[in-house]
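Inspection log for the structure reproduced underneath, given as structure tokens.
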Amino acid sequence: MALLIRNGEVVTVGARVQADVYVENETITRIGRDLQTPPNAEIIDATGKLVFPGFIDPHVHIYLPFMATFAKDTHETGSIAALIGGTTTYIEMSCPNRNDDALEGYQLWKSKAEGKSACDYAFHMSVTKFVKETESQLREIVADGTASFKIFLAYKNFFGVDDGEMYQTLELAKRLGVIVTAHCENAELVARLQQKLLAEGKTGPEWHEPSRPESVEAEGTGRFATFLETTGATGYVVHLSCEKALHAALEARLRGVNIHVESVLPHLLLDKSYAERPGVEGMKHVMSPPLRAKQNQAVLWNALALGSIDTVGTDHCPFDTEQKLLGKDSFVNIPNGIPGIEDRVNLLYTHGVKCGRLDLDRLVDAGSTRAAKLFGLFPRKGTIAVGSDADLVVYDTSYRGVVSAKSQHVNNDYNGFEGMEIEGRPSIVTVRGKVQVRDGKFIGERGRGKMLKREPAHF
Ligand code: URP
Ligand code: ZN
Ligand code: ZN
């Protein structure tokens with residue numbers, strides 16, 4: 001079936017042109033003015049609208065056993081929420097813990113998505129220990145098309161790796177040409193600070209941030225950078241939250257270290273006062289690294305505008321009110337995570353582009369193209385070009401709405417961005433040429449999503 005998206009303003013990195021985009025089967029085959037189409041082509045009038053490449057969320061959790069419970073979304077719910085928000089591909093963290101077999105874990109994560117996701121997807125493979133079979137297992141996983149790893153310097157005894165394991169992972173990644181994403185907080189310091197605060201009777205969610213201060217994240221970021229420098233591997237700091245950690249990453253980049261940086265929606269838009277709200281309202285805003293002092297936000301936005309922060313993900317990780325209450329007696333038991341998969345693009349457009357913090361070029365780059373390039377998906381994903389997958393977002397900048405749990409598709413009973421206004425939303429979202437979303441409604445094919453196989457590219 002052919003599809004013509006007519007007369008939109010096509011926005012890609014480095015170009016904005018008034019054009020038609022013609023799609024045959026799953027692929028963009030022509031871009032130009034006044035394209036002629038066969039009589040049976042589906043035609044979408046994009047006059048007055050922007051046409052973006054499908055957005056890519058490089059950091060989501062869908063299936064996640066964590067902190068004595070499970071994140072709430074499935075690939076059915078998470079992918080529909082993603083698509084309604086303009087995200088046509090997400091990269092999920094495959095996260096077996098230290099006690100699990102890595103390969104069995106990888107197969108389990110794949111089985112949760114297969115035939116279920118409505119958008120395309122890929123995985124970052126978490127390395128949560130390094131034992132004798134790890135190298136051969138990781139080689140098999142890379143050969144299967146998962147060409148990025150994840151390590152956690154935090155979450156001691158669960159997901160966390162020690163320095164020796166980090167070294168071995170990076171050294172192997174360098175040989176395999178695989179990029180390594182990393183959650184950078186010093187696990188030992190977090191554990192000590194948690195014990196100290198609890199011993200002082202400080203148990204509420206407002207103590208989560210003081211248990212993982214900025215210096216602890218900066219140390220983790222700097223250490224990861226030093227290990228990258230030593231091994232020559234390429235790294236990507238996930239959910240970097242504060243100025244101190246940014247300095248650690250950028251100093252390393254200036255030394256020639258191959259280090260990239262992701263920020264996530266909560267750190268750009270929410271500050272630690274949200275987690276200081278009494279009771280469960282505060283718990284809803286507990287994630288790691290924590291929401292920070294507000295002055296960090298301007299620094300993150302500026303670095304994002306400059307391209308010093310490469311990408312914006314969500315770290316989508318939904319736990320509902322009942323689950324958050326697992327931590328009612330101690331902040332260390334509050335399941336960490338804030339959902340955002342559905343709201344990322346609209347909030348970035350509203351608080352970034354409309355507020356003059358980002359230009360459209362950076363919106364597309366940080367929200368799609370840069371992730372595609374870093375994670376081996378470009379130019380199949382991340383751009384609008386002849387030969388690329390027809391993942392397209394026709395964006396209506398005249399739409400006005402408010403983010404709310406009442407209208408969301410994420411499987412959760414709250415929304416961390418509740419009440420924020422949005423000025424724009426996708427009116428059409430396609431996945432490989434098929435219209436999956438029209439004006440905020442999923443009208444497409446469930447289970448259409450494919451796992452994207454990726455080649456190593458970071459030698
Ligand atoms: O708080 C967070 N970020 N939860 C999900 C797990 C992780 O660290 O990414
Ligand atoms: Zn993390
Ligand atoms: Zn995460």
Side-chain angles (χ1 to χ4, degrees), residues 57-73 78 82 90-98 105 109 121-128 148-161 166 180-187 190-191 194 205 208-209 211-212 216-217 220-221 224 235-242 245 249 261-270 272 274-275 282-292 311-320 323-324 326-327 331-341 344 371 375 410 412 414 416:
D57 192 333
H59 183 168
V60 306
H61 301 273
I62 305 290
Y63 173 65
L64 185 67
F66 184 44
M67 298 192 73
T69 188
F70 291 83
K72 291 288 290 183
D73 267 320
Y90 53 60
I91 311 185
E92 186 192 8
M93 301 292 172
S94 162
C95 284
N97 69 52
R98 275 183 93 80
W109 256 262
Y121 59 92
F123 298 99
H124 300 299
M125 181 63 205
S126 297
V127 182
T128 51
S148 49
F149 298 157
K150 167 76 183 283
I151 55 173
F152 294 86
L153 310 195
Y155 308 130
K156 201 176 173 187
N157 301 327
F158 193 68
F159 293 143
V161 288
M166 168 157 62
V180 180
T181 70
H183 175 139
C184 296
E185 291 179 297
N186 185 308
V190 171
Q194 286 177 335
H208 177 71
E209 200 276 342
S211 76
R212 323 173 81 98
V216 161
E217 186 186 349
T221 308
F224 178 53
Y236 173 98
V237 179
V238 297
H239 51 38
L240 182 138
S241 73
C242 62
V261 176
E262 166 196 277
S263 270
V264 293
L265 203 56
H267 295 129
L268 288 166
L269 294 178
L270 307 171
K272 67 178 184 172
Y274 284 81
M283 297 179 202
K284 290 176 182 175
H285 292 95
V286 165
M287 66 174 292
S288 296
L291 299 180
R292 298 298 190 192
T311 59
V312 178
T314 54
D315 195 10
H316 177 74
C317 193
F319 294 107
D320 67 12
Q323 291 171 306
K324 288 283 181 181
L326 290 169
F331 68 86
V332 302
N333 296 327
I334 303 168
N336 284 200
I338 302 177
I341 207 167
R344 178 181 66 127
F375 297 118
V410 168
N412 205 3
Y414 80 94

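Below, each value reflects all heavy atoms present in this structure, side chains not excepted, and no hydrogens, waters or symmetry copies. If you read the sequence from its start, that first residue is 1, and numbering goes on from there. Ligands are counted one by one from 1 in listed order, and the atoms in each one are counted from 1 as well.
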His183 atom ND1 and His239 atom NE2 as seen from the Zn ion (ligand 2), angle to 10 degrees: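 So the angle at the metal works out to 100°.
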Distance-only side-chain donor-acceptor flag, Ser288 / His208, under 3.5 Å: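 Note: Ser288 and His208 side chains meet the donor-acceptor criterion.
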Ignoring hydrogens and geometry, is there a side-chain-to-backbone donor-acceptor pair from [X] to [Y] under 3.5 Å?
X	Y	value
Ser263	Leu240	yes
Thr128	Pro96	yes
Gln323	Pro335	no
His124	Met93	no
Ser94	Met125	no

From Asp320, Leu64, Val410, residue fulfilling side chain to side chain contact (heavy atoms under 4.5 Å, CB included) relative to Lys72: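 Between Lys72 and the candidates, side chain to side chain contact (heavy atoms under 4.5 Å, CB included) is satisfied uniquely by Asp320.
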Sub-6.0 Å ring centroid separation between Tyr155 and His183: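 That pair passes the under 6.0 Å test.
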Closest approach to the Zn ion (ligand 3) by Asp315, given as the N, O or S atom name: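 Among the N, O or S atoms of Asp315, the one closest to the Zn ion (ligand 3) is OD1.
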Atom indices of ligand 1 within 4.0 angstrom of Asp315 heavy atoms, with elements: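 Near Asp315, meaning under 4.0 Å from one of its heavy atoms, ligand 1 has 2 (C), 3 (N), 5 (C), 9 (O).
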Which residue and heavy atom of the protein sit nearest atom 1 (O) of ligand 1, plus the separation: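 Checking every protein heavy atom, the shortest distance to atom 1 (O) of ligand 1 gives Ser288 N, 2.8 Å.
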Heteroatom test (N, O or S) for Cys317 near the Zn ion (ligand 3), limit 2.8 Å: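 False for Cys317.
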N/O/S atom of His59 inside 2.8 Å of the Zn ion (ligand 3), strictly under: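 Coordinating: yes.
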N or O contact, Tyr155 vs ligand 1, cut-off under 3.5 Å: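 Checking ligand 1 against Tyr155, an N or O pair does fall under 3.5 Å apart.
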Option whose closest heavy atom lies nearest to atom 9 (O) of ligand 1, chosen from His316, His208, His61: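 Selected option, by shortest heavy-atom distance: His61.
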Once you restrict to heavy atoms under 4.0 Å, what part of [X] touches ligand 1? Side chain, backbone, both or neither.
X	value
Asn336	both
Met287	both
His59	side chain

